[in-house]
K.L.:
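One structure follows; several queries about it will come next.
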Amino acid sequence: MTWEDDDFAPESAHRHHTRPTRPTYIPPHLRTINPHYTSPPQHSRSPYFPEPTPFRRPPLLNPSGSSSSRRGGRWRRGGGAPRGTDAPRRSPAPRFLPPKHYPYDDLSEKLDELKVVEEDAVDGASSKGNAINFEAYDDIPVEASGENVPEAVESFGEIELSEGLKENIRRCKYAKPTPIQKHAIPIAVAGRDLMACAQTGSGKTAAFCFPIISGILKNENWVKVAGSGRRGGTRVAYPSALILAPTRELSCQIYEEARKFGYNTGVKIVVVYGGAPIVQQFRNLEKGVDLLVATPGRLVDMIERAKVSLSMIRYLAIDEADQMLDMGFEPQIRKIVQQNGMPPAGKRQTMLFSATFPDEIQRLASDFLSDYIFLTVGRVGSSTDLIAQRIELVQDIDKRNHLKNILRAQRDNEPFGKSSLTLIFVETKRGADSLKHWLSTSGFAAVAIHGDKVQMEREQALKAFKRGATPILVATDVASRGLDIPHVSHVINFDLPKDIDSYVHRIGRTGRAGRSGLATAFFSDKNMPLAKALAELMKESNQDVPSWLSQYAERSFNDVGQGRRYGGSKFGAHDFRNDSYIGNGNSDYSSAYYGGDSMVDSHSSPTRVGYVSPTFGVRADFYGPASHGTGFGQEPVVAGGWE
DNA sequence: AAAAAAG
């Protein structure tokens, strides 16, 4: 670094203390309408997030310097007239401009929601409906392997995060880190690369957002050269951090989450994804971007159009990393990470997160990492015990009627509504539409979401579902990963996925933040190949495995090539580097273990590490104990045509 | 053989 700390100090002092009178804050949605708008009365917004004060970057350290890249710095440009023009602009706009489609009102609302949830958590009241049930996490085994693993912490206070961020964490009422956060954040703050596996719904987003935002704030000197500049007459954005996610909706969700954490810190966060007008996204980028959240396709497009450069990236986080490195996505990810000017591993910090991480993908992923730490909270690819899993033997032809019975019983038990959402997964996009249509004509208001719908429809469907306006959502795998939809009490796998990992992610849409949930699956003859993995997974999660499923599982020996552990399934808290067959140079990874029962030698047998199941109340009678029954119960069935 | 991600 060429800048001296001392040079920088007065600047930040200036930022905090001298606040000359500035124009009244004008909410974005009213800015162009009435420049003399005065802010609404205080009570209309969250007391925890007072009216935002426009953030000002400290003045440039070398104002006389006239390098064009600095002149193009994005905190200078914001709201100012174009160079060489004296044309009056609309009112002196504050610098902290959220993208138009996410106005502050929306943000405040989300924050209030979050506040309620977290206040309950503070009481430690696991009995309350909304509480984050931390007890549920207490006995989860944690494994961290790699060299010099930084120590875990017990509170956010112990972690060196920048003050602005800590303030936001407090505002969000995040009282206490979840297990993945306790371990991952110190590792990330120490600048280490990380491959992290944690169960669905356990707080991964914050685990990578906190270190990134904190890092950006602590490295303002460095960030100064990022932001935006010019190349060939067009503005180029130079983000210093990039977060990638596999679906558009997930990108938006991460973006909104990150916005909360970066609130009023001056860290500029932008999201880009396909299916939405690219021009608007260009505009957002031109206002400057420190942290870019993106789906791969749109990002590559923007790189090729020279609207975004990755040459200044310091932090790279890939959410759902196993899917992102799987066949369909891998070429695009390589393009982004290896072929377009992004600093190589070691010169940037890379963090990969997912609930599932098959060995072969771990191997691939290590290309992107340097001296990384492998962290598991819970098992790789296991589901939480908080989700009660029911597997029912239902042939394709009976599925609709069976579903109707379930939904009826459910409705009798507790009316559908905002607090009781049902998410139904199907295999195909066509199947989603047709099931949705059938449900609607059968008296169950449903919406569908899948990749053939235009983005607007997708977002509207999700919104209607979240609100409870349409408490049934029929979805393809577009909704299987990452989406945090509060109050999904029931996930139904109308069609089981081919891949056990996908199953894990799908059922993970319920049972979030330590709450319990129910997952029902219709198992048909077609799903035979999944029997073994499914039975293993259920056993691991302390579920009762129907005896017919166990029998199927035993009979299935056609799963060669699926990996050596656990009958071909892909779980096990496991750093693939610890496999002895990897050979020299990898045997010196030390392993650190935390948590009760996890003290096993990972080099020896693949013996299961048991852990105590937290108590939870699952409404096993959610839709009645097979009273509506189909009769497929525990009797073993031997299906023909499969072997 | 399907879904997702660019248009």
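Each chain gets a letter, A, B and so on, in the order the sequences are listed, and its residues count up from 1.
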K.L.:
Mind calculating the distance between CG (Asp322(A)) and P (dA4(B)) to the nearest angstrom?
P.N.:
17 Å

K.L.:
What is the distance, to the nearest angstrom, from the CD atom on Gln332(A) to the P atom on dA5(B)?
P.N.:
10 Å

K.L.:
Counting only side-chain nitrogens and oxygens, does Arg481(A) get under 4.0 Å of the OP1 or OP2 atom of dA3(B)?
P.N.:
no

K.L.:
Are Lys399(A) and Asp396(A) within salt-bridge range, i.e. N to O under 4.0 Å?
P.N.:
yes

K.L.:
Using a cut-off of less than 4.0 Å, is there contact between a side-chain N or O of Thr476(A) and OP1 or OP2 of dA4(B)?
P.N.:
yes

K.L.:
dA5(B), dA3(B), dA6(B): which one has an atom nearest the side-chain heavy atoms of Thr428(A)?
P.N.:
dA3(B)

K.L.:
Please tell me whether Tyr263(A) and Arg259(A) have a donor and an acceptor in their side chains that are separated by less than 3.5 angstrom.
P.N.:
no

K.L.:
Please check the phosphate of dA4(B) (OP1 and OP2 only) for any side-chain N or O of Lys429(A) closer than 4.0 Å.
P.N.:
yes

K.L.:
Answer with yes or no whether the side chains of Glu459(A) and Gln455(A) bring together a donor and an acceptor at under 3.5 Å.
P.N.:
yes

K.L.:
dA4(B) C1' sits how many Å from Asp499(A) CG, rounded?
P.N.:
14 Å

K.L.:
Give me the ring orientation class for Phe522(A) and Phe494(A): parallel if the planes are under 30° apart, tilted from 30 to 60°, perpendicular past 60°.
P.N.:
tilted

K.L.:
Considering every strand and a 4.0 Å limit on heavy-atom distances, what is the contact class for Lys498(A): base, sugar-phosphate, or nothing?
P.N.:
base

K.L.:
Reckon Gly274(A) touches a base, only the sugar-phosphate, or nothing at all at heavy-atom distances under 4.0 Å?
P.N.:
sugar-phosphate

K.L.:
Verify, without hydrogens or angle tests, whether Gln253(A) (side chain) and Gly482(A) (backbone) share a donor-acceptor contact under 3.5 angstrom.
P.N.:
yes

K.L.:
Starting at atom CD of Gln281(A), determine the distance to atom C1' of dG7(B), rounded to an integer number of angstrom.
P.N.:
13 Å

K.L.:
Report the distance from atom NZ of Lys453(A) to atom P of dA3(B), rounded to the nearest whole Å.
P.N.:
14 Å

K.L.:
Are Arg298(A) and dA4(B) close enough that a side-chain N or O sits under 4.0 Å from OP1 or OP2?
P.N.:
no

K.L.:
Nearest whole angstrom, please: distance from the P of dA5(B) to the CG of Asp452(A).
P.N.:
10 Å

K.L.:
For Arg430(A), report the nucleic acid contact type (base, sugar-phosphate, nothing); a contact means any heavy atom under 4.0 Å.
P.N.:
nothing

K.L.:
Roughly how many Å is it from OH in Tyr273(A) to P in dA4(B), rounded to a whole number?
P.N.:
16 Å

K.L.:
Could you tell me how far apart Glu427(A) (CD) and dA4(B) (P) are, to the nearest whole angstrom?
P.N.:
11 Å

